[in-house]
A.B. asks: 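Pasting a structure below so you can have a look.
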Amino acid sequence: MRHTADSRKKKRRMMSPPSPSSSSSRSAAAAAAAPGQWCCYSQSQQQLMLLLALALALLLPHVAVAGRMARIQSHLDRINKPALRSIRSADGDTIDCVAAHQQHALDHPLLKGHTIQAEPPEMPASRRRLAAAADAKTGSGRSWGAWQTWHHGGHCPRGTVAVRRTTAADVLRAGSISRFGRKKRKKRSSVDAARAANAPDVISGNGHEHAIAYTAPSSQQQPVYGAKATINVWDPAIQESNGFSLSQLWILSGSFNGSDLNSIEAGCQVSPELYGDSRPRLFTYWTSDAYEATGCYNALCPGFVQTSSRIAIGASISPVSSPGGAQYDMTLLVWKDPKLGNWWLSYGDQLVGYWPAQLFTHLSDHATMVEWGGEVVDTRPGGVHTATQMGSGRFAAEGFGRASYFRNLETVDADNSLAKVPLDAIQTLAEDAACYDIHKAAADDDDGHSGSAGGWGTHFYYGGPGHNPACP
């Protein structure tokens, strides 16, 4: 009988309503834990729990958004340093003039206590005098230097560096703070693995396609200490919002099949996801672990030390070339300062800044390969090849005035001298010439496409439209 009485007491306790002192959260938790007891609550308690559940459903997304925006703002506070002057550019950018010693680059753990190199680097000497008419063209038009749009809005004072301000919209387009400003690691396919020894940065398998010229490694090859080229500037059309099209030079060293590839990169890029528009922009990139965790575009992570108040990395370039019209190009030089060992970048006649030697493993000494050319991303929208253009969107055969070009290919040797790259010392590669192609030539062997009076040295035309009847 005692057992039966205890059972009845236990049953009464289970059936009794919760005490008025119970919190709403406890009631909600109880209802969730034992939905079969819902009928045991009074009507007022049921209504209260329904209201609480509705409030939580409405509130939680806002809490999540607020939390994400707080994390983004914290990230922006690290990137965007206090500006002594801000310049509003006609293209919508804001250029901040930041005190050089406060720039984001110096937040890198390897650069703690780093003193910005004040001594100008020793410029590479040319072994030959280029023709005085190197930039004067006949036939289809002339080639002029391309500059940056924000210059029309003002200038940064001495002692500052010009930095494109990063916005919350920039980070939101990336979808992830951790991947913002970083390239996706390139996956090697079994088909492409055989190329790894010859063209390390063109191993595709994840939608990246190229048209490049590169120095072929050999047992007789001497170490490389830099590279130079003049690049034609265009504004290629991008089909996908997360696609891009770029033209750049690569300075490379390390294990091309492993995770310690070192790369220094600079060029011209159109990337709606990164910049929010389709304007061509000067960009830089670096990595010391094959794009795994180190490095980033421009000044979006610590590393590249800027010294220029006149050039803003990531800022748009203008004017740009037009088919059959005026041609605009830019000259980029990356080289290792023989005195202090830092890798410097110049844009035209302007020193932009440097990658400190401490950032790298293999490149702390020298490079083993150089590449020049174009790259696009093909995500096969709609199951067909992307229509994202490379360069001008024209094939190499269309030549000067219509196709994109790299001219005056040079490398820097151990004596800090610029040397013309012999035509037979470079190889070319295009994954699918029906989509994008490349054609190399020397100054006296250009098929008349350059319209040049001389001074082009070793050069090549490259690019293409992407999707077309021959490139389905």
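In what follows, residues are counted from 1 in the order of the sequence shown.
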A.B. asks: Using only atom types and a distance under 3.5 Å, with no angle test, would you say the side chain of K336 pairs donor to acceptor with the backbone of G341?
C.D. replies: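 Yes.
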A.B. asks: Would you mind reporting whether W144 and Y328 have side-chain heavy atoms less than 4.5 Å apart?
C.D. replies: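 They are in side-chain contact.
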A.B. asks: Evaluate T428 against Y214 for side chain to side chain contact (heavy atoms under 4.5 Å, CB included), listing each step before the verdict.
C.D. replies: CA-CA 6 Å; T428 59; Y214 58 96; over 6 Å; no
A.B. asks: Any non-hydrogen side-chain atom of T386 less than 4.5 Å from a side-chain atom of V377?
C.D. replies: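 Not touching, per the 4.5 Å side-chain cut-off.
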A.B. asks: Rounded to the nearest 0.5 Å, what's the gap from CD1 on I264 to CH2 on W286? Could you check?
C.D. replies: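 Between atom CD1 of I264 and atom CH2 of W286 there are 9.5 Å.
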A.B. asks: Using atom types as modelled and distance alone, determine if a side-chain donor or acceptor of R407 lies under 3.5 Å from a backbone N or O of T230.
C.D. replies: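 The answer is no, because no donor-acceptor pair under 3.5 Å joins these two groups.
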A.B. asks: Whether the side chain of D413 engages the backbone of P223 through a donor-acceptor N/O pair (distance < 3.5 Å, no angle test) should be reported.
C.D. replies: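 Side chain of D413 to backbone of P223: no pair is present.
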A.B. asks: Judged by modelled atom types alone, do E240 and T388 share a side-chain donor-acceptor pair under 3.5 Å?
C.D. replies: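 Their side chains do contain a donor-acceptor pair, which is all the 3.5 Å distance test asks for.
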A.B. asks: Quick one: does R173's side chain have a donor or acceptor within less than 3.5 Å of a partner on N242's backbone?
C.D. replies: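 No.
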A.B. asks: Considering all heavy atoms of both residues, which atom of G295 and which atom of Y285 are nearest to each other, and what is their separation?
C.D. replies: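 Closest approach of G295 to Y285: O-OH, 4.1 Å.
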A.B. asks: Which of these passes side chain to side chain donor-acceptor pair (under 3.5 Å) with N262: T287, D365, T361, D289?
C.D. replies: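 Only one of T287, D365, T361, D289 forms a side chain to side chain donor-acceptor pair (under 3.5 Å) with N262, namely T361.
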A.B. asks: Check side-chain hydrogen bond (donor to acceptor under 3.5 Å, both in side chains) between N342 and all other residues, then give those that pass, not counting sequence neighbours.
C.D. replies: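 Once residues adjacent in sequence are excluded, the partners of N342 under the side-chain hydrogen bond (donor to acceptor under 3.5 Å, both in side chains) criterion are Q117.
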A.B. asks: For the residue pair I438 and L429, what are the closest heavy atoms and their distance?
C.D. replies: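 I438 and L429 have their closest heavy atoms at CG2-O, 4.1 Å.
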A.B. asks: Check the side chains of S364 and Q358 for a donor-acceptor pair under 3.5 angstrom, ignoring hydrogens and angles.
C.D. replies: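 The answer is no; no qualifying pair exists.
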A.B. asks: Just wondering, do I72 and L172 contact through their side chains at under 4.5 Å, heavy atoms?
C.D. replies: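 They are in side-chain contact.
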A.B. asks: Taking CZ in R310 as the centre, count heavy atoms belonging to other residues, nucleotides or ligands within less than 6.0 Å. Is the count above 12?
C.D. replies: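 Not more than 12 within 6.0 Å, no.
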A.B. asks: Which of these passes side-chain contact (heavy atoms from CB on, under 4.5 Å) with L409: L423, V370, V421?
C.D. replies: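 When L423, V370, V421 are each tested with L409, the side-chain contact (heavy atoms from CB on, under 4.5 Å) holds only for V421.
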A.B. asks: Apply side-chain hydrogen bond (donor to acceptor under 3.5 Å, both in side chains) to H362 and D260, showing your working.
C.D. replies: CA-CA 8 Å; H362 298 283; D260 65 341; 2.7 Å; yes
A.B. asks: Let me confirm one number: the CH2-NZ distance from W372 to K440, rounded to the nearest 0.5 Å.
C.D. replies: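 Interatomic distance, W372 CH2 to K440 NZ, rounded to 0.5 Å: 11.0 Å.
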A.B. asks: Starting from the C-alpha separation in whole Å, work towards a yes-or-no answer on side-chain hydrogen bond (donor to acceptor under 3.5 Å, both in side chains) for S316 and T149.
C.D. replies: CA-CA 6 Å; S316 64; T149 307; 2.8 Å; yes
A.B. asks: Let's go through I317 and Y347 carefully: what are the C-alpha distance in whole Å and the side-chain angles of both, what is the deciding distance for side chain to side chain contact (heavy atoms under 4.5 Å, CB included) to 0.1 Å, and is it a yes or a no?
C.D. replies: CA-CA 12 Å; I317 301 170; Y347 173 75; 4.0 Å; yes
A.B. asks: List the steps, then state whether side-chain hydrogen bond (donor to acceptor under 3.5 Å, both in side chains) holds for Y461 with D437.
C.D. replies: CA-CA 8 Å; Y461 293 97; D437 68 354; over 6 Å; no
A.B. asks: Under 3.5 Å, is there a donor-acceptor pair linking the side chains of D91 and S89?
C.D. replies: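 Looking only at side-chain atoms, S89 and D91 do form a donor-acceptor pair, the distance falling under 3.5 Å.
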A.B. asks: Taking the side chain from N416 and the backbone from A414, do they hold a donor-acceptor pair closer than 3.5 Å?
C.D. replies: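 Such a contact is absent between N416 side chain and A414 backbone.
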A.B. asks: Can you find a heavy atom in the side chain of C156 that is under 4.5 Å from one in the side chain of R85?
C.D. replies: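 The answer is no; the side chains never approach within 4.5 Å.
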A.B. asks: Atom CD of E398 and atom OG of S392: how far apart are they, to the nearest 0.5 Å?
C.D. replies: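 If I round to the nearest 0.5 Å, the distance is 7.0 Å.
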A.B. asks: Does R164 pair with D170 as a salt bridge, N-O distance under 4.0 Å?
C.D. replies: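 Salt bridge flag = yes for D170 with R164.
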A.B. asks: Do F244 and L274 touch side chain to side chain, with heavy atoms closer than 4.5 Å?
C.D. replies: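 With C-beta onward as the side chain, the pair stays apart.
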A.B. asks: Examine distances only and state if a side-chain atom of S321 and a backbone atom of V233 form a donor-acceptor pair shorter than 3.5 Å.
C.D. replies: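 Flag set: sc S321 to bb V233 pair under 3.5 Å.
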A.B. asks: Do P356 and V305 touch side chain to side chain, with heavy atoms closer than 4.5 Å?
C.D. replies: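 Yes, side chains in contact.
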A.B. asks: Out of curiosity, S346 OG to K228 NZ, how far, rounded to the nearest 0.5 Å?
C.D. replies: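 The NZ atom of K228 is 7.0 Å from OG of S346, to the nearest 0.5 Å.
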A.B. asks: Under 3.5 Å, side chain of R88 to main-chain N/O of G92, donor-acceptor pair present?
C.D. replies: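 Yes, because the side chain of R88 sits within donor-acceptor range (under 3.5 Å) of the backbone of G92.
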A.B. asks: Between W335 and V224, is there a side-chain heavy-atom distance shorter than 4.5 Å?
C.D. replies: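 No - every pair of side-chain heavy atoms lies 4.5 Å or more apart.
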A.B. asks: Quick check for you: to the nearest 0.5 Å, what is the distance between H385 atom NE2 and H467 atom NE2?
C.D. replies: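 H385 atom NE2 to H467 atom NE2 measures 10.0 Å (nearest 0.5 Å).
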A.B. asks: Please step through side chain to side chain contact (heavy atoms under 4.5 Å, CB included) for the pair Y354 and I116, ending with a clear verdict.
C.D. replies: CA-CA 10 Å; Y354 60 90; I116 296 176; 4.0 Å; yes
A.B. asks: side-chain hydrogen bond (donor to acceptor under 3.5 Å, both in side chains) between D96 and S86: does it pass, once the steps are laid out?
C.D. replies: CA-CA 4 Å; D96 289 329; S86 294; 2.7 Å; yes
A.B. asks: When you measure from the side chain of Q389 to the backbone of G464, do you find a donor-acceptor pair of N or O atoms at a distance under 3.5 Å?
C.D. replies: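 Looks like no, no N/O pair under 3.5 Å.
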A.B. asks: Side chains of S308 and Q350: do they bring a donor and an acceptor to under 3.5 Å?
C.D. replies: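 Side-chain D/A pair, S308 to Q350: absent.
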A.B. asks: Quick one: list whatever passes side chain to side chain contact (heavy atoms under 4.5 Å, CB included) with P469, sequence neighbours left out.
C.D. replies: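 Counting only residues at least two positions away or on another chain, P469 forms no side chain to side chain contact (heavy atoms under 4.5 Å, CB included).
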A.B. asks: Looking only at heavy atoms, what is the nearest atom pair of P323 and R402, with distance?
C.D. replies: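 Between these two residues, the closest heavy atoms are CB-NH1, 3.9 Å.
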A.B. asks: What's the shortest heavy-atom distance between G391 and P236, and which atoms?
C.D. replies: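 Distance-wise, the nearest heavy atoms are O-CB, 3.3 Å.
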A.B. asks: Taking the six-membered ring where the residue is Trp, are the ring centres of Y462 and F406 under 6.0 Å apart?
C.D. replies: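 Between F406 and Y462, which both carry aromatic rings, the centre distance is below 6.0 Å.
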A.B. asks: So, applying side chain to side chain donor-acceptor pair (under 3.5 Å) with Y297, which one of Q269, R182, R281 is it?
C.D. replies: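 Among Q269, R182, R281, the one meeting side chain to side chain donor-acceptor pair (under 3.5 Å) with Y297 is Q269.
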A.B. asks: Between H104 (side chain) and K81 (backbone), is there a donor-acceptor pair under 3.5 Å?
C.D. replies: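 No, because the side chain of H104 does not come within donor-acceptor range (under 3.5 Å) of the backbone of K81.
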A.B. asks: Could you pull out the closest heavy-atom pair between L359 and G303, with the gap in Å?
C.D. replies: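 For L359 versus G303, the nearest heavy atoms are CD1-O, 3.7 Å.
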A.B. asks: What closest approach, in Å, do Q103 and A100 show between heavy atoms, and which atom pair accounts for it?
C.D. replies: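 Answer, listing the atom of Q103 first, then A100: NE2-O, 3.0 Å.
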A.B. asks: Check E265 with K183, please: is the shortest side-chain N to carboxylate O separation under 4.0 Å?
C.D. replies: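 E265 and K183: salt-bridged.
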A.B. asks: Can you tell which of L345, L363, I251 makes a side-chain contact (heavy atoms from CB on, under 4.5 Å) with W355?
C.D. replies: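 Going through the options one by one, the only one that passes is L345.
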A.B. asks: Flag the pair D93 and R279 as a salt bridge only when some basic side-chain nitrogen lies within less than 4.0 angstrom of an acidic carboxylate oxygen.
C.D. replies: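 No, D93 and R279 are not salt-bridged.
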A.B. asks: Given the rule in the side chain to side chain contact (heavy atoms under 4.5 Å, CB included) test, do L76 and T167 qualify, once you have shown the distances and angles that lead to the verdict?
C.D. replies: CA-CA 7 Å; L76 293 176; T167 67; 5.8 Å; no
A.B. asks: Quick test of your reading of the model: are K339 and D337 salt-bridged, counting only N-O distances below 4.0 Å?
C.D. replies: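 Between D337 and K339 there is no salt bridge, as every charged N stays at least 4.0 Å from the carboxylate O atoms.
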A.B. asks: Is T307 close to V161 at the side-chain level, that is, under 4.5 Å between some pair of heavy atoms?
C.D. replies: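 Side chain of V161 against side chain of T307, heavy atoms only: no contact under 4.5 Å found.
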A.B. asks: Is a side-chain donor or acceptor of H108 paired with a backbone partner of L110 at a separation under 3.5 angstrom?
C.D. replies: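 Looks like yes, one N/O pair under 3.5 Å.
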A.B. asks: Supply the atom-to-atom distance E209 CD to S245 OG, rounded to the nearest 0.5 angstrom.
C.D. replies: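 Going from the CD atom of E209 to the OG atom of S245 covers 11.0 Å.
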